[in-house]
Number of protein chains: 2
Amino acid sequence: MTQMVASQAPDGSKARRVYLLLRDEILGGHLAPGDSLPGELKLAELHGVSRVTIRRALEGLETDGLIERRAGSGTSVRAPGAQPGQIIADLATLMPQLRWMEEATTARLLAFSYGVPPGPVAEALGLAEGARVQRAVRLRLAGGLPFSHLTTQVPEPIAQGYSESDLATTPLFRLLERRGVVVDHARQSVSAVLATPEVAEALELSVGAPLISLTRVVYDAAGNGVEHLSALYRPDRFRLEMTLNRVGAADARHWEPVVVAGSGEKAGP
Amino acid sequence: MTQMVASQAPDGSKARRVYLLLRDEILGGHLAPGDSLPGELKLAELHGVSRVTIRRALEGLETDGLIERRAGSGTSVRAPGAQPGQIIADLATLMPQLRWMEEATTARLLAFSYGVPPGPVAEALGLAEGARVQRAVRLRLAGGLPFSHLTTQVPEPIAQGYSESDLATTPLFRLLERRGVVVDHARQSVSAVLATPEVAEALELSVGAPLISLTRVVYDAAGNGVEHLSALYRPDRFRLEMTLNRVGAADARHWEPVVVAGSGEKAGP
DNA sequence: GAAAGCGGTATGATAAATCATACAGGAAAC
DNA sequence: GTTTCCTGTATGATTTATCATACCGCTTTC
């Protein structure tokens, strides 16, 4: 059974805001299943809107299956049956650890083109002015549900080593290394952005929803950029995690990431 | 001179959406300074709204100083003088590396209380039902500009070791270790959320803006949770970064995070 | 069983956003 | 110079969101 598409977000400005806010509070763990929400009138006062608006927000949450409303009794947070499987990736190793979901994660190629990259990307890759890249947009799904939207940009000379059809099946890394590129190090940064109409449609959520943004630039031994990845993840279906150990002598204790003994490389992000 | 508060976000649903979308595209690096945007009519068509709405969005961007509009010529992305100083934290070591900003990062205590934590937090800390925690909400500022909103929750027995005034001045870690708590390891995960009215006000941005969410649970050697941190960062003023090296023999190459040689511990997150 | 609190429903007023359309003037291309 | 495309500006209609208020029926509590 294909689970219902999540977002039934209200249209209006305030209603939508309240909806997203409460949604984050529920999914984000500040409200536990079974907890009861304040009354609609109380919520209206808290958020500075009318009850009608609160109502609209709650309706959205209800059709999402996040809350349960009983006349006379009140509104409470439902058991999170809405978390069928979350994909957890290890930030330290870049390896997705599909916890309770060994359902095949598939990939779909959304776009494929060559052209001059936007300035910041060219700069990050260390490209000369006007140098061209191959650009591929891919969507990753787990159990048929999309969870990430990936845009990779590879300098054209390097990208010659593989074809469009290769991309649809093989992780980009494999392709690069097969091409003889010696991947040496990478630099990644995490941020948060809002879903644009394009990615919102691909990821099956509403425009303006929050997304995890991971930008990674991969370099070869010479320090030349060989890949620029811009990944967008649905927070409800994907988590970036890592474990740290507190190590070192008493006078120089510091944190050190734990590298999970990799059981062989699995897939790209 | 305290820089003008960033967000001049439009009110309306669609206008606001377009505003935030374009804003992310500019700040996110997909549009380089000097690039020119599509015409207002074109944008209207692209986003499926009227020109008036596009106009409202662009007005917001203009007052933010992100774009430049010239009658007859068009609209273009302005040089990002709007990035005065970004704080970059290393995910692998938890150490903020204040790059070009050694301006003192100060902290402000927003709330301080004791109580029963929300279910998920209690679970993460491994607390018994009804066990109480100390809860502190702090705001961190760099050069007077707030960039992060931190909520820490510490089991009450542990939290007895320090006072409210301690918290305002000393990093929580120091306090814990002074108390004799042996911090052993931590588990953190990164996500993305929207700004609630409360944090939006504290961080001086508009409700619904995207925020980086970092949740960290710190454990002692026995595996008991000693601290639950929920941090929210402004993406425009804060970045989470890390560097990875590609190591290992050819048959087992994998990624390993680079631990920067810490020049002593500086501050909490 | 009465009271208080809650969600479910309805209504009309008010405010706000959005739209469709039009025209003036600057800038650049031909 | 003329054409074309762009922003700047204006107007009035229209749709949408929000508000204030009221009443009903249900649940829980006292």
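Computed from a prediction, not measured in an experiment: that's the story for all the values here. Proteins come first, then strands; the chains are lettered A, B, ... in the order of their sequence lines, and each starts at number 1.
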Difference in axis direction between the ends of the helix from dG1(C)-dC30(D) to dC30(C)-dG1(D), five pairs, 10°: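 Rounded to the nearest 10 degrees, the bend comes out at 40°.
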
Residue mapping more 5' on DNA chain D - nearest nucleotide basis, Glu62(B) or Ser50(A): Glu62(B)

Minimal non-hydrogen separation, Leu46(B) against Pro38(B), with atom names: CD1-CG, 4.5 Å

Nearest heavy atoms of Gly34(B) and Ser76(B), plus distance in Å: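 For Gly34(B) and Ser76(B), the tightest heavy-atom pair comes out as O-CB, 4.1 Å.
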
Protein-nucleotide distance (Ile54(A), atom CD1; dG8(C), atom C1'), rounded to Å: 16 Å

Using a cutoff of under 3.5 Å, can you pull out all pairs of nitrogen or oxygen atoms linking the protein to nucleotides 3-7 of chain C, with atom names and distances?
| residue | atom | partner | partner atom | Å |
| --- | --- | --- | --- | --- |
| dG5(C) | N2 | Gly72(A) | O | 3.0 |
| dC6(C) | O2 | Gly72(A) | N | 3.3 |
| dG7(C) | OP1 | Thr75(A) | OG1 | 3.1 |
| dG7(C) | OP2 | Glu40(A) | N | 2.8 |

First and last nucleotide of DNA chain D, 5' to 3', lying under 4.0 Å from heavy atoms of chain B: dC5(D) to dT9(D)

Residue pairs passing the salt bridge (Lys or Arg N to Asp or Glu O under 4.0 Å) test where at least one lies in residues 142-158 of chain A, sequence neighbours excluded: Arg132(A)-Glu156(A)

Test item: Asp24(B) side-chain N/O and Leu194(A) main-chain N/O as donor-acceptor pair under 3.5 Å: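 At least one qualifying donor-acceptor pair exists.
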
Cationic N near anionic O, under 4.0 Å, Glu40(B) to Arg69(B):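 Between Arg69(B) and Glu40(B) there is a salt bridge, with a charged N closer than 4.0 Å to a carboxylate O.
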
Side chain to side chain contact (heavy atoms under 4.5 Å, CB included) partners of Ala107(B), counting only residues at least two apart: Arg140(B)

Would you be so kind as to tabulate the donor-acceptor pairs closer than 3.5 Å made by side chains of residues 108-120 of chain B, with sequence neighbours excluded?
| residue | atom | partner | partner atom | Å |
| --- | --- | --- | --- | --- |
| Tyr114(B) | OH | Gln134(B) | NE2 | 3.4 |

